[in-house]
Amino acid sequence: QVQLVESGGGLVQAGGSLRLSCAASGRTFSIYAMGWFRQAPGKEREFVACISGNGGITIYADSVKGRFTISRDNAKSTVYLQMNSLKPEDTAVYYCATARLTSTIRGGDVDAWGQGTLVTVSS
């Protein structure tokens, strides 16, 4: 059983930056893809970004492309989401997720979710 523990959410002004972290345990971390989703109140959970096990493939939602960067440190079994130029529309609970392949994460078929961390962007 894989466990995902997220951190780094908080309150930030529009135009600011945050870095989210997700630490994984219970798997051979480097062979699994990791990703991020987000869900705003009253909206469906949406895909944000994902990264392959060795970091060679990254995929981003159009809404965050050029502003967010997903990365991973396999020595620390941790995936990151660097969020720059934040907008109020980025306000959501952000969830870490894992699956075998980036294509699987992109399609929403994930093996496990993190608990979520709240990001609030003020105008």
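Looking at Asn74, its side chain never comes within 3.5 Å of a backbone N or O of Asn54 through a donor-acceptor pair. Here the side chain of Arg45 pairs no donor or acceptor atom with the backbone of Gln39 at under 3.5 angstrom.
Annotation: side chain to side chain donor-acceptor pair (under 3.5 Å) contacts of Arg106 (sequence neighbours excluded): none. By the side chain to side chain contact (heavy atoms under 4.5 Å, CB included) test, Gln13 pairs with Ser122, sequence neighbours left out. Take Tyr94 and apply the ring pair (Phe, Tyr, Trp, His ring centres under 6.0 Å) test, not counting sequence neighbours, and it matches no residue. For Phe29, there are no ring pair (Phe, Tyr, Trp, His ring centres under 6.0 Å) partners, not counting sequence neighbours. For Glu46, the side chain to side chain donor-acceptor pair (under 3.5 Å) partners two or more places apart in sequence, or in a different chain, are Arg38. In terms of the side chain to side chain contact (heavy atoms under 4.5 Å, CB included) criterion, residue partners of Val2 (sequence neighbours excluded) are, by chain and number, Leu4, Arg27, Thr98, Ala112. For Thr28, the side chain to side chain contact (heavy atoms under 4.5 Å, CB included) test picks out Ser30, Ile31, with sequence neighbours left out. Checked against disulfide (SG to SG under 2.5 Å), Cys50 has no partners two or more places apart in sequence or in another chain. Listed by chain and number, the residues in a side chain to side chain contact (heavy atoms under 4.5 Å, CB included) with Ala99 are Thr104, Ile105, Asp111 (sequence neighbours excluded). Under the side chain to side chain donor-acceptor pair (under 3.5 Å) criterion, Thr69 pairs with no residue at all, not counting sequence neighbours.
Applying the ring-ring contact (aromatic ring centres under 6.0 Å, His included) test to residues at least two apart or on different chains, the pairs with a partner in residues 97-116 are Phe37-Trp113. For residues 52-92, the set of pairs meeting the ring-ring contact (aromatic ring centres under 6.0 Å, His included) definition, not counting sequence neighbours, is empty.
Ser52 and Arg72 get closest at one heavy-atom pair: O-NH1, 2.8 Å.
Hydrophobic clustering (ILVMFWY, side-chain heavy atoms < 4.5 Å, transitive): Ile57 and Val79 are in distinct clusters. Both Val121 and Trp36 belong to a single network of hydrophobic side chains, linked directly or stepwise wherever heavy atoms of I, L, V, M, F, W or Y lie under 4.5 Å apart. Residues Val110 and Tyr32 do not share a hydrophobic cluster, defined by chaining ILVMFWY side chains whose heavy atoms lie under 4.5 Å apart. A continuous path of hydrophobic side-chain contacts links Leu81 to Val119 [ILVMFWY only; heavy atoms under 4.5 Å].
Salt-bridge annotation for Lys65 and Asp62: present, with a side-chain N of the basic residue lying under 4.0 Å from a carboxylate O of the acidic one.
Of the candidates Leu18, Val93, Leu86, Leu11, Thr120 forms a side chain to side chain contact (heavy atoms under 4.5 Å, CB included) with just one, namely Leu11.
Contact annotation: the side chain of Glu6 never approaches that of Ser21 to less than 4.5 Å [non-hydrogen atoms, C-beta and beyond].
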